[in-house]
2 protein chains.
Amino acid sequence: MKRDSRLSSVLHALLHMAEHEGPMTSDALGRCLGANPVVVRRTMGLLREAGLVSAERGHSGGWRISADLRIVSLRHLHEALGEPAIFAIGNRNEVPECLVEQAVNAALDKAFLEAEALLMERFADVTLADLAADFTRRHAERRATKD
Amino acid sequence: MKRDSRLSSVLHALLHMAEHEGPMTSDALGRCLGANPVVVRRTMGLLREAGLVSAERGHSGGWRISADLRIVSLRHLHEALGEPAIFAIGNRNEVPECLVEQAVNAALDKAFLEAEALLMERFADVTLADLAADFTRRHAERRATKD
DNA sequence: TTTCATGTAACTACATATGTTACGATTCGG
DNA sequence: CCGAATCGTAACATATGTAGTTACATGAAA
């Protein structure tokens, strides 16, 4: 199964936007991410619908962050992306007649739901501001190592 | 992304085998699961390599469980299947140059590793015997309801 | 020796993420 | 007002991975 990397992509894009003065075009973001500008527009469009960014068309247009970095968490972004399926493993049949399969599904579902709940908790704990701070720390570290 | 349902499938198959006298053929298991017998052989072959089941060819052959149901956990089965990827979400680029992307990956990896650790714990806690008992309970319940 | 079963390779079918092309809609600058 | 820049979006292409299917070799039992 090919993994959905949109959450990773939008985080990367948003942090670049946070470091950048003025709006960034889909083309510029595409170059940062190594992604196609149309894919950028497609994905950022979901964040726009969630009110997290805004887009301006025409000359000197592009994408801007329109939310507080200290508020927006990974969970918000996951929701903005439509809460895509988290697991690459699942039940063969979601509503089985067979009692054996029902027992199997119940056990698997319980484990997956717990893991998903933990993941969502962790996602809710991390904001864009946290990531920006981590980036700043890494940046300072690299400069210190080079000197 | 199509989900990997092999763990669900082998659990379903193993429990049917546990309830069944003598070996079960790939054809019979395929009918239980609603799956193709070749796919059954392909998947059960991995369990055979892990020593969890054995296969006999020829007349009155088929698959047999060759391990203690009280010992074999979901985790063992997951391992026997080659520990397939658990998450359908992931980083865009696993070894990025970009410090922004490194910060993003670090945050996501941390959350995913914690969730995976919890899932593996839960998997280790559930044995085939537990599932068989749960099936028996469901079976008794259904009969009680019908009466 | 015939039949029934697994073992396995090769190919097909299908789903989904991402990439690409094309073009319309909008905005700014000259 | 025109033209370039930019987003919005549809339609199609490509890539990858799961499961299904066909075909046939191998082995065991009646």
Side-chain angles (χ1 to χ4, degrees), chain A residues 1-10 12-13 17 20 22-31 33-49 53-66 78 81-94, chain B residues 1-10 12-13 17 20 22-49 52-64 66 81-94:
Chain A
M1 181 184 293
K2 207 170 196 174
R3 283 177 159 180
D4 180 341
S5 63
R6 290 177 302 163
L7 181 57
S8 170
S9 291
V10 297
H12 191 173
M17 289 161 69
H20 188 268
M24 283 187 76
T25 67
S26 305
D27 244 85
L29 288 173
R31 278 192 302 274
L33 308 185
N36 190 288
V38 178
V39 176
V40 170
R41 284 200 280 277
R42 193 184 289 160
T43 310
M44 294 295 285
L46 297 171
L47 303 196
R48 185 193 59 227
E49 288 169 13
V53 300
S54 61
E56 292 157 30
R57 297 208 256 201
H59 256 294
S60 70
W63 300 92
R64 281 178 199 280
I65 297 178
S66 57
H78 177 66
L81 294 175
E83 306 199 40
I86 289 170
F87 296 107
I89 298 181
N91 295 327
R92 180 173 178 86
N93 181 350
E94 286 303 335
Chain B
M1 172 190 318
K2 209 169 196 174
R3 282 178 161 180
D4 180 341
S5 62
R6 290 177 304 163
L7 181 57
S8 171
S9 291
V10 297
H12 191 173
M17 289 160 70
H20 188 267
M24 284 187 77
T25 66
S26 304
D27 245 85
L29 288 173
R31 279 194 300 277
C32 285
L33 307 186
N36 189 287
V38 178
V39 176
V40 171
R41 283 200 282 277
R42 192 185 289 160
T43 309
M44 295 295 285
L46 297 171
L47 303 195
R48 185 193 57 226
E49 289 168 13
L52 302 175
V53 301
S54 60
E56 291 157 30
R57 300 208 255 201
H59 257 294
S60 70
W63 300 91
R64 278 179 202 278
S66 57
L81 293 175
E83 306 199 41
I86 290 169
F87 296 107
I89 299 181
N91 296 326
R92 179 172 180 87
N93 179 352
E94 286 303 335

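The figures here come from the full heavy-atom set of this structure, side chains too, leaving out hydrogens, waters and symmetry mates.
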Residue whose closest nucleotide on DNA chain C lies nearer the 5' end, B/R48 versus A/R41: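 Whichever sits nearer the 5' end wins; that is B/R48.
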DNA chain C: 5'-proximal contact among A/G34 and B/A55 (nearest heavy atom): B/A55
State which of [options] makes the closest approach to the side chain of [X].
{"X": "B/H59", "options": "C/dC4, C/dT6, D/dT6", "value": "C/dC4"}
{"X": "B/D4", "options": "D/dC7, D/dG20, D/dT18", "value": "D/dT18"}
{"X": "B/T25", "options": "D/dT18, C/dA5, C/dT20", "value": "C/dA5"}

Using a cut-off of strictly less than 4.0 Å, decide whether [X] has a side-chain nitrogen or oxygen near OP1 or OP2 of [N].
{"X": "A/S5", "N": "C/dT18", "value": "yes"}
{"X": "B/N36", "N": "D/dT21", "value": "yes"}
{"X": "B/S60", "N": "C/dA5", "value": "no"}

For atom [atom1] of [X] and atom [atom2] of [N], their distance in whole Å:
{"X": "B/N91", "N": "C/dT18", "atom1": "CG", "atom2": "C1'", "result": "16 Å"}
{"X": "A/M44", "N": "D/dT6", "atom1": "CE", "atom2": "C1'", "result": "14 Å"}
{"X": "B/L29", "N": "C/dG7", "atom1": "CG", "atom2": "P", "result": "12 Å"}
{"X": "A/F87", "N": "D/dT18", "atom1": "CZ", "atom2": "C1'", "result": "19 Å"}
{"X": "B/R3", "N": "D/dG17", "atom1": "CZ", "atom2": "C1'", "result": "15 Å"}
{"X": "A/R64", "N": "D/dC7", "atom1": "CZ", "atom2": "C1'", "result": "14 Å"}
{"X": "A/L46", "N": "D/dG8", "atom1": "CG", "atom2": "C1'", "result": "12 Å"}
{"X": "B/I89", "N": "C/dA17", "atom1": "CD1", "atom2": "P", "result": "10 Å"}

May I ask you to test the [X]-[Y] pair for a side-chain heavy-atom distance under 4.5 Å?
{"X": "B/I89", "Y": "A/H78", "answer": "yes"}
{"X": "B/M44", "Y": "B/M17", "answer": "yes"}
{"X": "A/V40", "Y": "A/D27", "answer": "no"}

Closest-nucleotide 5' rank along DNA chain D - winner of B/E56 and B/P84: B/P84
Sugar-phosphate only, base, or nothing, as touched by B/G45 at under 4.0 Å among non-hydrogen atoms: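 Nothing, no nucleic acid heavy atom in range.
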Step-by-step side chain to side chain contact (heavy atoms under 4.5 Å, CB included) determination, A/N93 to B/L33: CA-CA 9 Å; A/N93 181 350; B/L33 307 186; over 6 Å; no
Side-chain-base donor-acceptor pair under 3.5 Å for B/R42 and D/dG20: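 Such a pair exists between side chain and base.
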Presence of donor-acceptor pair under 3.5 Å, side chain of B/R57 and base of C/dT6: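 Checked by distance alone, the answer is yes.
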Exam field: side chain B/T25 to backbone B/A28, donor-acceptor pair closer than 3.5 Å: yes
